[in-house]
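Note that these values count all heavy atoms, side chains included, but never hydrogens, waters or copies made by symmetry. Atoms within a ligand are numbered from 1 in the order they appear, just like the ligands themselves.
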Amino acid sequence: MSEKILVTGGAGYIGSHTTLLLLEAGYEVVVVDNLSNSSLESLRRVEQITGQSVAFYKVDLRDQSQLANVFEAHEFSGVIHFAGLKAVGESSEIPLDYYDHNIYSTINLLKTMQQFNCQRIVFSSSATVYGDPASVPITEDFPTSATNPYGRTKLFIEEIMRDVAVSDEGWNIILLRYFNPIGAHKSGLIGEDPQGIPNNLMPFISQVAVGKRNKLSIFGDDYATPDGTGVRDYIHVVDLSDAHVKAIQHIEQLGGVSTFNLGTGNGYSVLEMVKAFEKGSEKPVAYEIVGRRPGDIAECWADASLAREKLGWKASFGLQEMVEDTWRWQSNNPEGYSE
Ligand code: NAD
Ligand code: UFG
């Protein structure tokens, strides 16, 4: 019998891609999601692509009794925990919601897992835990800090998970620190579907290219980077998802808590991303330079050699494929899943 994995937040951007790859790797998948930032259509399309079914429960992770019902109905060999709120700016406006959805939910989840004797979890952390790094590339032993409530939830959850692992050596935990996920599955059927005005660069650029927005605002061209615009480590969402499958495969053998950076090790500037997108989409991307966005850092890219050594994982998609796959999704689905 195949192993069954619970994916929280599995209807979302990264969760839906990971669900797809888990199914292709032979796992059964159960998704819980409250659909606050996603649509069930993503999972229908995953089913369409794979020809397999996904059990879905519309559950808010803050509701422990509903979560327990899911654990009553299924025996999980592991959990991949994506669910949470993720908008950096919004987190400063409604911090309590971020602590509630991210930290309280995670505590509920860990308690429920303990209750049902499921002690393997892979958690979505973020490169934001490195704050403003002193140098690049960033390795996992760099000092951590947070500059906003969203980042603090990631840091706190990492600490909570480390405490849990110390309290009971039966736990196997993997903390994955994502750099900047972009791209979409090759089918063009699933991808990132932000609600309202996108906060992140790539969805904004693709909405300009498809004609939904007039122009991109580039937040500052006076950083200490080669062209003055911010530099980030963009990673294809399918590569990122593949790392989760490998994490589940290695979690027992690794034991305790492990922390891995997930990036490509390459940094690209905002202007380089605009150019790459214009090339990949053959559409112009109008932009203007505006002031810096508060809290942004100049540059950030990963040393991901630890994930290569311990998980046998390495990013395989280059920049041009990332933008072409983003564009295929965006141009086929200009209104996202809501069409
Ligand atoms: P997403 O918003 O597409 O997915 C998150 C999902 O969680 C959504 O489907 C949402 O409906 C669900 N959710 C939120 N609160 C919930 C709750 N209380 N109960 C049940 N479901 C809930 O985001 P994503 O980009 O797929 O990100 C997944 C995870 O990766 C998040 O934890 C995010 O913080 C982390 N992460 C994302 C990025 C990024 O740039 N996308 C970078 C680093 C880390
Ligand atoms: N940028 C613009 N204009 C925009 C949006 C972004 O110029 O409209 C610039 C930013 O200033 C930055 C770069 O594009 O230089 C990337 O910005 P994103 O908002 O796409 O990504 P960030 O690196 O700021 O943050 C993202 C996620 C965080 C996560 C972090 C590290 O939003 O949640 O990556 O993983 F923590």
Legend entry - Contact partition for Glu192 relative to ligand 1, non-hydrogen atoms under 4.0 Å: neither
Inset, instruction - Between Val59 and ligand 1, find which residue part has any heavy-atom pair under 4.0 Å and reply side chain, backbone, both or neither. - result: backbone
Inset, instruction - May I ask you to check if ligand 1 and Asn34 share an N or O to N or O distance below 3.5 Å? - result: yes
Inset, instruction - Give yes or no for whether the N/O distance cutoff of 3.5 Å, strictly under, is met between Asp33 and ligand 1. - result: yes
Legend entry - Which residue and heavy atom of the protein sit nearest atom 23 (O) of ligand 2, plus the separation: Arg232 NE, 2.7 Å
Legend entry - Best match, Phe219, Tyr130, Phe179, Tyr178: closest heavy atom to atom 5 (C) of ligand 2: Phe219
Inset, instruction - If the plane angle is over 60° it's perpendicular, under 30° parallel, otherwise tilted; pick one for Trp329 and Tyr337. - result: tilted
Inset, instruction - Indicate yes or no: does an N/O atom of Asp296 lie under 3.5 Å from an N/O atom of ligand 2? - result: yes
Inset, instruction - Describe, in one word, how the ring planes of Tyr178 and His244 are oriented to each other, choosing from parallel (under 30°), tilted (30 to 60°) and perpendicular (over 60°). - result: perpendicular
Inset, instruction - Identify the residue among Thr259, Thr144, Leu175, Ile157 that makes a side-chain contact (heavy atoms from CB on, under 4.5 Å) with Val129. - result: Thr144
Inset, instruction - Identify which of Tyr150, Phe82, Tyr178, Phe123 has a heavy atom lying nearest to atom 30 (O) of ligand 1. - result: Tyr178
Inset, instruction - Please confirm whether Tyr150 comes under 4.0 Å of ligand 2, counting heavy atoms of the residue only. - result: yes
Inset, instruction - Over 60° means perpendicular and under 30° means parallel, so classify the ring planes of His81 and Phe123, tilted if in between. - result: tilted
Inset, instruction - Would you mind telling me if ligand 1 is within reach of the side chain of Asn200, the backbone, both or neither, using heavy atoms under 4.0 Å? - result: neither
Inset, instruction - Quick one: look up the protein heavy atom nearest atom 9 (C) of ligand 2 and list residue, atom name and how far away it is. - result: Val270 CG2, 3.7 Å
Inset, instruction - Name the orientation class of the two ring planes belonging to Tyr99 and Phe156 (parallel below 30°, tilted from 30 to 60°, perpendicular beyond 60°). - result: tilted
Legend entry - Region of Asn200 that comes within reach of ligand 2 [heavy atoms, distance under 4.0 Å]: both
Inset, instruction - Select one of side chain, backbone, both or neither to describe which atoms of Ser125 lie under 4.0 Å from any atom of ligand 1, heavy atoms only. - result: backbone
Inset, instruction - Ignoring hydrogens, just give me the one of Gly12, Ala83, Ala87, Ser39 whose non-hydrogen atom is nearest atom 4 (O) of ligand 1. - result: Gly12
Inset, instruction - Mind checking whether Asn199 contacts ligand 2 via backbone (N, CA, C, O), side chain (CB onward), both or neither, at a 4.0 Å heavy-atom cut-off? - result: backbone
Legend entry - Shortest protein heavy-atom distance from atom 3 (N) of ligand 2, along with the residue and atom involved: Ser217 O, 2.8 Å
Inset, instruction - Would you mind listing which atoms of ligand 2 come within a distance below 4.0 Å of any non-hydrogen atom of Asn180? - result: 21 (O), 22 (P), 23 (O), 26 (C), 34 (O)
Legend entry - Region of Pro198 that comes within reach of ligand 2 [heavy atoms, distance under 4.0 Å]: neither
Legend entry - Part of Arg293 within contact of ligand 2 (heavy atoms, under 4.0 Å): side chain
Legend entry - Ser36 and ligand 1 - part of the residue with a heavy-atom distance under 4.0 Å: both
Inset, instruction - May I ask you to identify the nearest protein heavy atom to atom 13 (C) of ligand 2, giving residue, atom name and distance to one decimal place in Å? - result: Tyr234 OH, 3.7 Å
Legend entry - Lys86 N/O to ligand 1 N/O under 3.5 Å: yes
Legend entry - Backbone or side-chain N or O of Ile14 under 3.5 Å from ligand 1 N or O: yes
